[in-house]
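There's a structure below that I have some questions on.
FYI, side chains are in, hydrogens and waters are out, and symmetry mates aren't considered; it's all heavy atoms of this structure. Every chain is numbered from 1 and lettered A, B, ... according to where its sequence line falls, protein lines coming before strand lines.
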Amino acid sequence: MAYWLFKSETSTWSWDQQVARGDAGEEWDGVRNYQARNFMREMKLGDRGFFYLSQKDRKIVGIVEVCAEAHSDSTTDDDRWDCVDIKAVRSFVTPVTLDQIKADERLTDMVLVKNSRLSVQPVSDCEWRIVCEMGQTNPD
DNA sequence: GCCAACGTTGGC
DNA sequence: GCCAACGTTGGC
């Protein structure tokens, strides 16, 4: 199983909204970046991801699961853009801030640190476990 | 609210 | 196919 990171903003799509969707999940639409799209095309059912809030919040607040593999983005007729569906798995006991991540020597290679603008990113197994531990949250 | 970094577009 | 111009993102 692979791990990922999905970026959102509270004002656009909040963690509360994601949780409220329950197991039905939600289409991760609106991504208009080839790199991010390509990562979504690689995703498999059951893959897990962090739910990160950019801008004001700048922290990881929850864990999500891919509940539909890549399909066309319903918000556009342009067939270049695909997206997956994700559902909330659990909230972080303690959210992990970008500051904490940047301050941790083990996480200096995280895409979030190296390429902060990429809205869908891969996360290594190692990074996954470290961040979950920092958030006192079950990684499985 | 500023601006650096990055991605995309389009003229040549 | 290069690269200047432009638009967007997101940390600060």
A:V61 vs A:F92 side-chain heavy atoms within contact, under 4.5 Å: no
A:I101 and A:M110, any side-chain heavy atoms less than 4.5 Å apart: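 The answer is yes; the side chains approach within 4.5 Å.
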Contact letters for nucleotides 3-12 of chain C, in which S counts primed atoms plus P, OP1 and OP2 and B counts the base, heavy atoms under 4.0 Å: ----BBBBSB
Check: A:W28 ring centroid to A:F6 ring centroid under 6.0 Å: yes
Pairwise distance CZ(A:R48) to CZ(A:R90) - rounded to 0.5 angstrom: 6.0 Å
Parallel, tilted or perpendicular: rings of A:W128 and A:Y3 (30°, 60°):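 The arrangement is parallel - the two ring planes meet at less than 30°.
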side-chain contact (heavy atoms from CB on, under 4.5 Å) assessment of A:N33 paired with A:L118: CA-CA 8 Å; A:N33 172 282; A:L118 188 58; 3.7 Å; yes
side-chain hydrogen bond (donor to acceptor under 3.5 Å, both in side chains) partner of A:E26, chosen from A:Q18, A:R21, A:Q17: A:R21
Those residues of residues 73-85 of chain A lying under 4.0 Å from DNA chain C by at least one heavy atom: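 When residues 73-85 of chain A is checked for heavy atoms under 4.0 Å from DNA chain C, there are no hits whatsoever.
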